[in-house]
Amino acid sequence: MSNNKYPNIRMRRNRTHQYIRDLVQENTISVKDLIYPIFILEGENRQEPILSMPGQSRVSIDNLLKIANECVNLGIPAVGLFPVIEGEKDFYGSESYNENGLVQRAIKTLKQHFPELGVFTDAALDPYTSHGHDGIIDDNGRILNDVTNEVLMRQALSHAVAGVDFICPSDMMDGRIGKIRKVLEKNGFYDTGIMAYSAKYASKFYGPFREALGSKVGLGKSNKNTYQMNPANSDEAMHEISLDIAEGADIVMIKPGLPYLDIVYRIKSTFKKPVSVYQVSGEYAMLKAASLNGWLNYEDTLMETMLCFKRAGSDMIWTYAALDVARILSQK
Ligand code: PBG
């Protein structure tokens, strides 16, 4: 027994020099782990900074191409698209499946110019609905699950037709993964993947995103608690994940990121499936705000969060800081 103790065991020996710290390091972050979420809008040569997300902008498709080019040059494998709809919002979110809509055109243009760059899209109605919810509501404001699924299927199919690589349902309706998988198979989109926002919590950390998207105004005082998960729950996340995997999800996601690392760890350990995590807008805003005040070092704390995601078991990370992480890694 005494062999297992100080002074025979000195944990600090493996920390004495950088070379040995490198050798015993258990997890690493690579540019190949990153997915960059981008907000897009109509028009030409537009770039509107998002105030609550310093460094991020809403961009028109021509500028999206420039960002995509940068991603390719830096080695970032994929981008995620989030549309800012300025006109055509209605009660039913019908613009969501317009085959000539903003997202559908963005997918096509990206795939034409950068076929090797993964293009991921959100399946949810919140950018398109006048009330800002991810689903369709009745006169009493209740979300109609199955009616919403029908619209999500049309939305997903329109993205697949445009050439999207992965559809990422973020709406949290019951049964939508199976429904979307079915419509993709039926139409011959066998290789179009589904990354399910499976454990998506009703989080206040989405605030800056809703501001960027413009869904905040429509939502007003209402919330998404009848479809997104209660932050207090963990077993329920396991149930959600098992359902989405059974329904055909290729990758499952946990969201938000840092406050939910226990969920990431639990899901990776149990299911051994590809796991994604989303470092959401509020997490990014916190890092930025503190560093702009001189209270934290942005680059150092950012890179630490990346390692934490990997350590918890995430295979990939959605982050608004993807370009920063990639640049930092390329300078090393
Ligand atoms: C909408 C959606 C949200 C996010 C991704 N897709 C917000 C929400 O559910 O209100 C959040 C992303 C972020 O905060 O960065 N379906």
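Just so we're clear, the structure is a prediction, and the values are computed from it rather than from any experiment. By convention here, the first residue in the shown sequence is residue 1. Ligands are counted one by one from 1 in listed order, and the atoms in each one are counted from 1 as well.
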If you have a sec, work out which protein heavy atom is nearest [atom] and how many Å separate them, to one decimal?
atom	result
atom 14 (O) of ligand 1	Ser281 OG, 2.7 Å
atom 8 (C) of ligand 1	Lys224 NZ, 3.3 Å
atom 2 (C) of ligand 1	Lys200 NZ, 3.2 Å

Can you tell me if [X] contacts ligand 1 (heavy atom of the residue under 4.0 Å from the ligand)?
X	answer
Glu283	no
Lys255	yes
Tyr320	yes
Asp122	yes
Tyr278	yes

Report yes if the side chains of Phe114 and Glu116 come closer than 4.5 Å at any heavy-atom pair, otherwise no.
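They are in contact (side-chain heavy atoms under 4.5 Å apart), so the answer is yes.
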Any side-chain heavy atom of Asn69 sitting closer than 4.5 Å to one from Leu65?
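Side-chain contact under 4.5 Å: no.
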Evaluate the side chain to side chain contact (heavy atoms under 4.5 Å, CB included) criterion for residues Ile35 and Met195: first the C-alpha distance (whole Å), next the side-chain angles of each, then the deciding distance (0.1 Å), finally the verdict.
CA-CA 12 Å; Ile35 301 164; Met195 184 189 300; 3.9 Å; yes
Could you tell me which atoms of ligand 1, counted from 1 in the order shown, lie closer than 4.0 angstrom to a heavy atom of [X]?
X	answer
Asp134	1 (C), 16 (N)
Ser170	1 (C), 2 (C), 6 (N), 16 (N)
Ala124	16 (N)

Taking Arg58 for the side chain and Ile50 for the main chain, is one N or O donor matched with an acceptor at less than 3.5 Å?
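Checking the backbone N and O of Ile50 against the side chain of Arg58, no donor-acceptor pair under 3.5 Å is found.
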Answer yes or no: is there a donor N or O on one side and an acceptor on the other, between the side chain of Asn8 and the main chain of Asn4, under 3.5 Å?
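Pair absent, no side-chain N/O of Asn8 close to backbone of Asn4.
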Table please: side-chain donor-acceptor pairs of residues 325-332 below 3.5 Å, with sequence neighbours left out.
residue	atom	partner	partner atom	Å
Arg327	NH1	Asp324	OD1	3.4
Arg327	NH2	Glu70	OE2	2.6
Ser330	OG	Arg327	O	2.9

Of Asp134, Asp122, Asp171, which is the lone residue that meets side chain to side chain donor-acceptor pair (under 3.5 Å) with Tyr197?
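It is Asp122; the other options fail the test.
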Return a table of donor-acceptor pairs under 3.5 angstrom between the side chains of residues 251-261 and protein atoms on other chains or two or more places apart.
none

Quick check: does Tyr197 get an N/O under 3.5 Å from an N/O on ligand 1?
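N/O-N/O distance under 3.5 Å: no.
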If we ignore angles and hydrogens, is there a donor and acceptor under 3.5 Å between the side chains of Asn100 and Gln104?
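No, no side-chain donor-acceptor contact under 3.5 Å.
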For ligand 1, note which part of Asp126 has a heavy atom under 4.0 Å away: side chain, backbone, both or neither.
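Only the side chain of Asp126 comes within reach of ligand 1.
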